[in-house]
Amino acid sequence: MDFNILMYFVFGMVAIAGGLVLLFAKHPIKGAMGLLVSMLALAGLYAILQAHSIAVFQVIIYAGAIMVLIIYFLMLLDIKSEDYLKSYAKLVWTGGPILLLLAIFFIYKLYTVFKGQPGALSDMSTVVDPMTVPESFGGIKEFSTALLTKYMFAFEFVSTLLFAAIVAVISIVQLDWRGRKND
Amino acid sequence: MNEISFNPTFLMGEISLIALIVILTLVEAFQRPIFAFFGTTDTRELDARNRQASRLASIGLMFVAVNYYIFGRATAGEEIILLHNSLKAGGGMYIGKLALMGAGILTVLMSSRYTLSQQIPAMDYYLLLCFSLLGALTLIAAENFLMIFLSLEMMSIPIYALVGLKRLSPRSGESAIKYLLLGGFSSGFLLLGISFLYGTTGSLVVSDVIGRLTFSTMDAASFLSGLGLIFVFIGLAFKVSMVPFHAWTPDVYEGAGTPITAFMSVAVKLAAFAVILKIFAGMDSFGEFDSVIGVIFMFFSLITVIYGNSVALVQKNVKRMLAYSSIAHAGYMGLALAPMAHKIQTVQAVLFYGIGYIAMNMLAFGVLVYLTHKDHYCETLDDLKGIARKAPGAAAMMTIAMFSLAGLPPAVGFVGKVQIFIQLLEGKMYVTAVIALLFSLVALYFYINVIVVMYMREPEKEIKEIGKQSLLPVWLSLALSVLVVILLGLIPSPLLQWSLKWAEVLF
Amino acid sequence: MINPLGDFIVGFGGIFTISVVLILFFIGVATFIFRRTLLHMLMGVELMLNAVNLSLIYFSRLHQNFDGQILSLMIFVVAACEVAVGIAIIVKLYKRTGTIGVETYTEERG
Amino acid sequence: MENSLILFIVLLPLVGAILNGTVAATNAFRKKEIWGEKIAGIIAFTAVGISFLLSLYAVFVKMSGLEYISCTPYEWISIGELKVSVTFLIDHLSAVMLLVVTGVSSVIHFYSIGYIHGDESSVRYFSYLNLFVFAMLLLILGDSMPVMFVGWEGVGLCSYLLIGFWYKDDEKAAAGKKAFIVNRIGDFGFLLGMFLIFANVGTLTISGVNEFFHANNSMTFFWTNVAGICLFIGATGKSAQIPLYVWLPDAMAGPTPVSALIHAATMVTAGVYMVARFHGLFLAAPIAMNVVLWVGAITALFSASIALYQNDIKKVLAYSTVSQLGFMFMAAGAGAFVIAIFHLMTHAFFKACLFLGSGSVIHAMGGEQDIRYMGGLKQFMPATFITFLLATIAIAGFPPLAGFFSKDEILWNVFASEHGSKIVWFIGAVAALFTAFYMFRLVYLTFYGNFRGTREQEHHLHESPKTMTVPLMILAALSVVGGWIGIPKLLSFGAIPNFFHDFVGPAVEKFGHVHIAHYSHAVEYSLMALSVAIAFAGWYIARSMFRDLKHKLPDPDKYTGLPRLLWNKYFIDEIYIKYIVDPIKSLSTNVFLNISDKKLIDGAANGSASGWNKVAGIFSKFQTGNIQAYGFYMIFGAAIAVLFVLFVF
Amino acid sequence: MGILSWTLLIPALGAVLMMFLPSRDSYTEKSSASIYGWIAFAVSTLTMIVSIFVLSNFDNSMVAYQFQENIKWIPQFGLNYHIGIDGISILLFMLTTILMPVTVLSSFKYIQKRKKEYYIWLLFLEFTMLGAFVALNLFIFYIFWELMLIPMFFLIGIWGGTRRIYATVKFVLFTVVGSLMMLAGIIYLAILARNTFGEFTFEFEQLLKLDIPVQTQLWLFAAFALAFAIKVPMFPFHTWLPDAHVEAPTAGSVILAGVLLKMGCYGFVRLGIPLFGEAALIAAPLMQTLAVIGIVYGACLALAQSDLKKLVAYSSISHLGYVILGLFALTPEAIQGSILQMVNHGISTGALFLLVGMLYERRHTREIADFGGLAHQLPVYATVFMIITLSSVALPGTNGFVGEFLILLGSFKAAWAHFVMHQEVFRLILMVFATSGVILGAYYMLWMVQRVFFGPLTNEKNKNLKDLSLREGLVLIPFIIFVFWIGLYPKPYLSKMEVSVNHYVEQYQPEALKEQLIEAPQHTETIEHKTEDVHTEH
C-alpha cells in the first residue's frame, strides 16, 4: 500500500480521534487539544489531497490562530472543574441514541449507495480524467491566481467582514450589562 | 444577460454603503480628537454622541438610498453578472435592495430614540447595522455559493454583536450568544450542503449548480446532491426561522433591542428568502427530486405556520409574540414554494410578501420603540394596556400593523397572503391551504388581542407621558411604514411589477 | 503528470473521506449538543466547519478546480471572525455570571 | 264592478281607530286629555254606525239584482303569477256577514259608551274596537286569501288587545296572549292551506279557488282534503273548535262588550264564514267536510257539557258560544252552508244580547261574575232580565225565536244530508238539550231566587243606563225576529219565502250542491218536534233544579267524578300546559339553551379555542431557552428532512 | 366619478375628516361635546340624500347593473374597482343609508365616552357596508366584507357592555373563519377563470360564465356558504350573535341586525347561488333544513331568554332563517320575499334594538324580570314597541307579513313542485316546520311584551321612568312609517327588484322546477278567465 494512502487513513482516523477527545474529554483544555490534533490531522489530509496552501493555512490560521485564541481564553477564564464539565447535557439520553442511529444510518446509506455504483465519484467529476492531476494543482501560485482574479471580490469582501468583526468585538468588549431593576 | 467584470453603477448601493461605513468609522475614530481640539467636552457625553451618530447615520443611509435610487434606476433595465459570477445585479433586484435599504433607514430612524433610552454606544451600533445591511444587499445579489455564504455571515456577524449591544439588559448577552452559537451551527449545515453540491457539480455558481443537478436517475450523485440541497435548505431555514430551526428566534428577539429585532425580522428574512428562492424555486426543476423538496417545504412550512401561530397565542411579551408571528410568516412564505411549480409567480408572491412584511413589521416594532422610553419599557401586553389613551396615533398605527399582519384587507399583508394562496391553490394543495387559513385565524386572535389590550383594557398603572426625546425620527419611520403598508395594500400594482422583475432576476 | 493517488482518491478514498467528513461533522454536532459549556459548543462548531473544509478540499481535488479551496479559506476567516465575536461575548457573560455553563443562559424561554 | 262605496265602509272604522288611537297615546303621554271617553265613544260609534248605514245602502240598493259588487283600491302584491289585489267584494254571502258585523258592532259600540264609562283608557278602548271592526270587514270583504288573512290576523290582534285591555292584571294580559297564540296555531293551518292551494291553483282569489275545485280539480283527492283540513285548522283556531277552543273561555277576561262583539257575534264566526266561503273547495273534499262535521259535533257536545257546571256567568256563555259554533260547523260540515250562516247570524243576535246582558249584570254587581253569588236580579234590573230571557229562549231553540229555526235546520241537515250522519245528529240533539239546560240554569241562578251576594253589592244593584239597555233591547228584538227571514219552506208551507236562503243560497251553492236525502215530511216534522221537545226538556230540568234555589250551590272544589271533570273543563288546559307548553319551554331552556347552545355549539367553539390554547402552552414548553435543546431541534428537523431524502434511495 | 362612488366616498371622507378634528372630549370623562355626533349625522344624512338620488334615477325595468363604474385597480389580479347596483341590492343599499342617520341620532345619549372615535367608526362602517352592497368584483366584495369587521370590532369592544371583549373577539373570530374559507374559494375561482379565459379575473360577470364541474362547485359552495352562514347567522354557527348583540352598544346592535346580518343573505343571493348554481341546488335541501332549524331553534331559544336584547338577538336568527329558506327556494315570490324580508328585518329588529337601548338608557338593565307593567308608565314607548313587535311577529298589514308570506308561499310552491316531480315529501315537511315558526314567533314576542309591559307596575325603580323624548321619537318615526308602508303597499319595493329577480330566477332556477312551475300559470290563466266569467253581472 502506498504510504500516502496509509497516511490518508491514519490522518483520517487521527482526525476522528481528536474529535472524539473533544467530545469526551472532561477538561476543556484537553478537548481543545483534541480539536487541535484533529485540525493538524486534517491539514495532513489536505496536503495529501494536494491542497498545499490550504494545508499551510490550516496549520497557521486554524491550529495556530483560532485554537490558540480559544485555548488562551480557556486559560484566561480559569475554569474550575465544575459540574458542567464532567457530565453531559440531559439531552444526551434521548439525543445521543438518535444522533448515533442517524449517523450510522446515514453512513450505512452512503455506503450502500456508493457500493451500488462503484464509479460514482469519478462520474461525478467534471474533469476528463479525475485520476490524473497536474502536479502544480494546489500550488500556492495557482491558488493565489484564482483567489486574486476570479475571487477577488470575495477576497475584498471578506476583508470587510473582518473589519465588521473587529467593530463587533470592540463594541461588545466596551459593553457593561447592568441589571435592569425589573429584571 | 451580460457578463462583465466590473461596472460600478451596478454596485452603486453597496459602494455608497461602504463609503458611508468608512465615513462613519472615520468620524468615530477622529471624533474625540477633533472635539477635544476645539475644547468642547459636552460631546463626550453619550447622549450627545448618540444623537450625533444617529443623525449622521440616518442622513447617510438616506443618501445611500437616494444615491442608489437615482443611479440604480438606470440599472433596472438590464441584469448583468458581475465579478466572475460573484454577484448578479440590475433588473428588479433594484427594488429588493431599495426595500432592504428602506428597512435599514427605518431601523436607523427608530434607533435614534432607542439608543438614547437604552444607552447603547451609538456609533458602533450604526456601523454594525450598516455592515449587516451590506451583507443583506450582497446576499440577495450573490450569484455563487461562496458569496452567499460570505454575505450571510456578513449579515449575521454584526447582528450577533448588535443583539448583545443592549447595555441595560443582561439578557441581551444571552441572546447574543444564543444567536451566535446557533448561527454558527446552522452555518455548518449550510456549508456541508454547499460542499456536497459543489462535490456533485464541481461549481459554486448557483445557476451552474442548479443546472447541472440531475435527478433523473437516482444515483450516488443524486444522493449527495439531494443531501446537499437539504442541508442548504436547513441552513437557510434557520435564518428565516422555520420550525424546527426557529428556536432561537423568540429568545433573540426578546433579548435584542427592539430596532434590531425589527431589522432582523425583516431584512434577514427577506434576504434569506431571496436565496431560498434563487436555489429552490428556479426555472430549472429538480426533476424527480422536486416532489421531495416540495414535501419538505410543505411539511416544514406547515408546522412553522402551526407552531408559530399557536405559541404566539400564549405570549405575554409583545416582542416574543411578534417573534412567533414572524416565524409563522416565514411559514406562509415557505408554503408558496410547496407546490414546487418553478413559476415566476411563485417567486414574485414570496418577494412581494417579504417586502410587504418589511413595512408592516417595521411598523409594529416601530410603535414599540415609540412607546419605549427611559421610564417605560414597552414590551409586554400589560405595558400596552390602555395605551390608546395616551398615544392614540401610535395605537392606531399598531392597529394597522396588526391588521396587516393578520392579513385583513386592505393592508399589504392581505395582498401578500392572497398571492401565497393563489400559489397554493394553483398547486392543488387544498388541504394545506385550508390548514394554513385556519391558522391564520388563530393568528388573528393574538393580533387582535393586542388591539383589544390597547383600546379596550384599562391600564393597571398610570401611564407616564411619552417622552419627547428624539420623537421626530421615530415619527418619521412610523409615518413612512404606515404609508407603505396602506399604499401597498391599496395600490399594489407597482410593487407587483417590481417583484416580478426581481423574480426574473432570481431565476 | 500522473498522480499515484488518483485511483484511490476517486475510489474508496472518496467514500472514506466523505465518511470522515460526516463522522467529524456528527462529532461536532454531538459536542455542540451534549457538552455543557459555551466554549465546547464553540469548538463543536469549529469541528463541524473543519469537516466541511475537508469535504470541500476533497471535492476540489476531485474536480480539480480551486473553488472549494477558496471557499474553505473563506471559512477559515469567517470561523475566525465568529470565534472572535463569540469569545468576546462569552468572556463578557463569564464576567457577569462567573460561569460558562450553558444552562445558566436559559432566562429567555417560553 | 268598481264601487268605492265599499272603501268607505271599510275605512271609516280605521279612521276612527287611528283618530282615537293617536289621541289615546297622546293622552297617556301628556297625562292630560285631548278628548275623553265621550267624544271617543261618539267618534267610534259614528264611524261604525255610518259604516253600517252604508252597508245597508250597499247591500240593498247598490247590489240589488247584482250578484256582487266589488272595489279594488290597489294591487297589494304582484309577483309573477301571484297577484294579490286588495279587492273588497260584497256578494250575497259577505253581505250577510257585513250587515251582521256592522250592525252588531254599532249596537255594541253604543253599549260600550255606557259600559266603559269611567275607565281611564276608554279612548284606547274605542280605538281598538274600531280597529277590530276594520279588521273584521277586511276579513269578510277581502276577495283573496291574503287579504282575508290580513283581516283574519287583524281580528286576532284586536282580540288580543281587547282581552288584555286591562293589562295591569297579569291574568288578563296572559289571556290575551293565549288567545293570540292559539289563534296563531290556527293561522298556521290556514297559511299552509293557502300555500297548498296556491301551489296547485296558482291563484289566491277566493272565487278562483272555488272555481278550480269545482271545475277542474287537478289536485289529488288526498291533497284536496289536506288543503281543506288545513283551512279548517285555521277555522278551529278562530272559531274556537276542538282542539283550539281553549282560548275562548279565557278571553272572557276582556270587557264584556268585547266578549259580546268579538267572542260571540263576529270574530269567532269567521271560521264558519271561511268554510262557507270556500265551499267550492270543501265540497270537493268530502273527508275534510267530515272532519268539519265531526269536530263541530264533538265541540258542540263537549263544550256544552262543560258549560253545565260552570259558575262564571261569562264562562257559561263562552262555552255556550263554543258549543254554538260547533253547531255551525256541523251545518257547514253537512254541506248546509246557508244554514251555518243563518245560525251564525241568529247566534250573533242572541249571543251578543246574552253577553251584553251579562255585562249589564256584572256592571250592576260591581264586577262579580260568579252566579253563585247572584240571584233574584230580575226585580232590580227588569230590562236586562227580559232581554236576557228572550235571548235565552232563542238560544235554547224555542220556536219561533231565532235560535229555533237555525238550530232545527242544522239538525235536520245533519240528519239528512249526504255529508251528514245520524250519530252526529244525535250528538247535536244532546248538545241542544244541554244548551237549553245550562242556559236556563244561568237564568234561574242569576235572576230568580234570592240575592246571594254581599249586602254592599245588593245595595248597589241597579238597572244599567240607557246606553246599555237600548242595545240589549235591539238585540233581544233581533233574537226574536231575526229567525223569521229564514223560515224553512216546510214550516211556512211555502207561504213565506225563505228570504235568507234565497239571498245567500246562490252565493254558497254556486260551486256545488249537497244533496239532501229524501225523507218524508213526517220525518222532518217529527224531528222538528223532537228538537222543540229537547228545548223544553232542558228548560224543565233546569227549572226544577234551580227555580227556587234553597240550598247553597255546592263548592266546586268538592266535586267528584264527572262533575269534577266537567267543572275542571276535562283538564284540557292543564293537559295542554303540561304536555305541550311546558315541554316546549323546558326543551328550550334545558336542552336548546343550556345544552345545545351553551354546551355543544358554544362549548365546541370556546372549547376548541381554549383547547388549542392548551396545546399552544404545551408547544411553548419546547422553548426551554437552552441552546443545546435548540440545536437538538435543528438536528431533529434535519433528520426528518434527511429521512425524506434517504427514503427516496 | 359616479354618484354611486360618491355614496361610498362621503362617509369615508367624513370619517377621515373627523379623524383630523381636534379631540374635544377627554378620554373618559363624560362631556357634552356632541359636535362629532352632529357631524356624523350630517355626513350620513348627506349620504342618504345622495342615495335617494340613486334611487330616484334607478330604472326598475333594467336587468343590468346600473350606475356602473369600472376602473382598473390591480391589473395583475384582474381586480377592478367595479361597482354597480341592481334590483337585488338597491333595497339593502337604501336600507343602509337610511338606517345610518337614525342610528347616529340614537347614539347621542348612549355614547358618553370617546365620542370622536365612535362616530368615525360608525361612518367607516357605513362606507364598508355600502361598498359590499355595490361591489361587482368579487375581490372588492371580499375587501369590503372583511373591512366591515373592523369598525364593528371596535364598536362592540370599546363601547359595549361588561363582556364586550369576549363578545367582540368571538364575533371577529367566528366571522373570519368563514370569510377565510371564502377567500380560498374566491382565489380558486380566479384561478379557474385564468385557466379558462387566460387571465385572472374577479369580475362577477366573468366568473358567472365559468363552467365548473359539480364536484368542485360543491366544495366552493361549501366555502362560500360557510362564510355567509356564519354571517347570517344560520344554525349552528349562530352563537356569536347573541353575545355580540347583547354587548354591543345600541347603534352597533341596530347596524348589526339591520345591515350586517343581511350581508350573509346577500352573499347567498348575489354569489352563492349564481356562481355555483348546480351545487346550490344540490345543497338547497340542506340549506333549507338548516334555515328551518334556525327558525324553530332560534324561536325556542328566544323563548328561553331572560334578557331583552338576547331575546331579540335570537329572534333575528329565527327571522333570518326565513330569508335563507326563501332564497334557496328559487322562485320569484320567495326570492323577492327574502330580499324584502331582509329589509323588514332591518327595520323591525333594528327598531327593537333601538327601543331596548332606550329602555337600557333609562334603567341600565335589560333583564325582563326587572320590568313589568311599563305600559302604564311609558304609554307611547309601549305603543311603538307594540307596533314593532307586531311587525316582528309578521302580523298582516305590517312589513313583516309581506316578507314572510312571500317567502313561505314561494318556498312552498317550490317544495310542492319538487313533490310533484320526485314525490319528495321532505321539503313539504320542512315547510310545515317553517310555517310553525309563526306560532313560536308570536309566542316569545308576546310573552316578552306581556312580561315587560303588562301586569302591575311593581318595581319601584320603574315608577319614575320618562317616556320617549322628541329625539327618540324622531328616531323611531321612520321605522313606524316603513313598517306600515311596506306592510300595506309593498309595491314600490317589490317593483324595484321585480325585473332583476325575475331575470335571476330565469337563470338559476333548475330546469325541471321551471317546467313544473310554468305549467301552473297557463293553467291559472284559464281559471282567471273563468272566474271573470263567473263574476259577470246577472
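In what follows, chains carry the letters A, B, and so on, assigned in the order in which the sequence lines appear, proteins first and then strands, with residues in each chain numbered from 1. In this text the structure is predicted, and so the values were computed from the model without any measurement. Computed from heavy atoms alone, side chains included, the values below leave out hydrogens, waters and symmetry copies.
Residue C/Glu82 does not touch chain A at all, counting heavy-atom pairs closer than 4.5 Å. With a 4.5 Å cut-off on non-hydrogen atoms, C/Leu39 touches chain A through its side chain but not through its backbone. At a 4.5 Å heavy-atom cutoff, C/Leu42 makes no contact with chain A through either its backbone or its side chain. Proximity to chain A involves both the backbone and the side chain of C/Leu62, based on heavy atoms less than 4.5 angstrom apart.
If you tally non-hydrogen atom pairs under 4.5 Å between each of C/Asn65, C/Ile87, C/Val29 and chain A, the highest count goes to C/Ile87. With chain C as partner, the option from A/Thr145, A/Leu45, A/Leu49, A/Val169 having the largest number of non-hydrogen pairs under 4.5 angstrom is A/Leu49. Contact tally against chain C (heavy-atom pairs below 4.5 Å) for A/Leu161, A/Leu102, A/Leu147, A/Ile61: the top residue is A/Leu147. The residue among A/Ala164, A/Ala25, A/Ala15 with the most heavy atom pairs within less than 4.5 Å of chain C is A/Ala25. Counting heavy-atom pairs under 4.5 Å between each of C/Leu54, C/Val77, C/Leu93 and chain A puts C/Leu54 at the top. Interface check for chain C: of the options A/Gly96, A/Ala65, A/Ser53, A/Gly31, the most heavy-atom pairs under 4.5 Å are formed by A/Gly96. Highest contact tally toward chain A, considering only C/Ile89, C/Ile90, C/Leu49, is held by C/Ile89 [criterion: heavy-atom pairs under 4.5 Å]. Contact tally against chain A (heavy-atom pairs below 4.5 Å) for C/Val78, C/Val91, C/Leu73, C/Val102: the top residue is C/Leu73.
Between the side chain of A/His27 and the main chain of A/Ile29, a donor-acceptor pair closer than 3.5 Å is present. In this structure, the side chain of A/Ser159 engages the main chain of A/Glu156 through a donor-acceptor pair within 3.5 Å. For the pair C/Arg35 (side chain) and A/Leu23 (backbone), a donor-acceptor distance under 3.5 Å is present.
Side chain to side chain, C/Glu46 and A/Tyr62 meet the donor-acceptor criterion of an N or O pair below 3.5 Å.
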Show me, pair by pair, the donor-acceptor contacts under 3.5 angstrom made by side chains of residues 8-23 of chain C, not counting sequence neighbours?
| unit_1 | atom_1 | unit_2 | atom_2 | d |
| --- | --- | --- | --- | --- |
| C/Thr17 | OG1 | A/Tyr8 | OH | 2.5 |
| C/Thr17 | OG1 | C/Gly13 | O | 2.4 |
| C/Ser19 | OG | A/Tyr111 | OH | 3.1 |
| C/Ser19 | OG | C/Ile15 | O | 2.7 |

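In this structure, C/His40 and C/Phe34 have side chains that are not in contact, with every pair of non-hydrogen atoms separated by 4.5 Å or more.
Residues forming a salt bridge (Lys or Arg N to Asp or Glu O under 4.0 Å) with C/Arg36 (at least two apart in sequence, or on another chain): C/Glu103.
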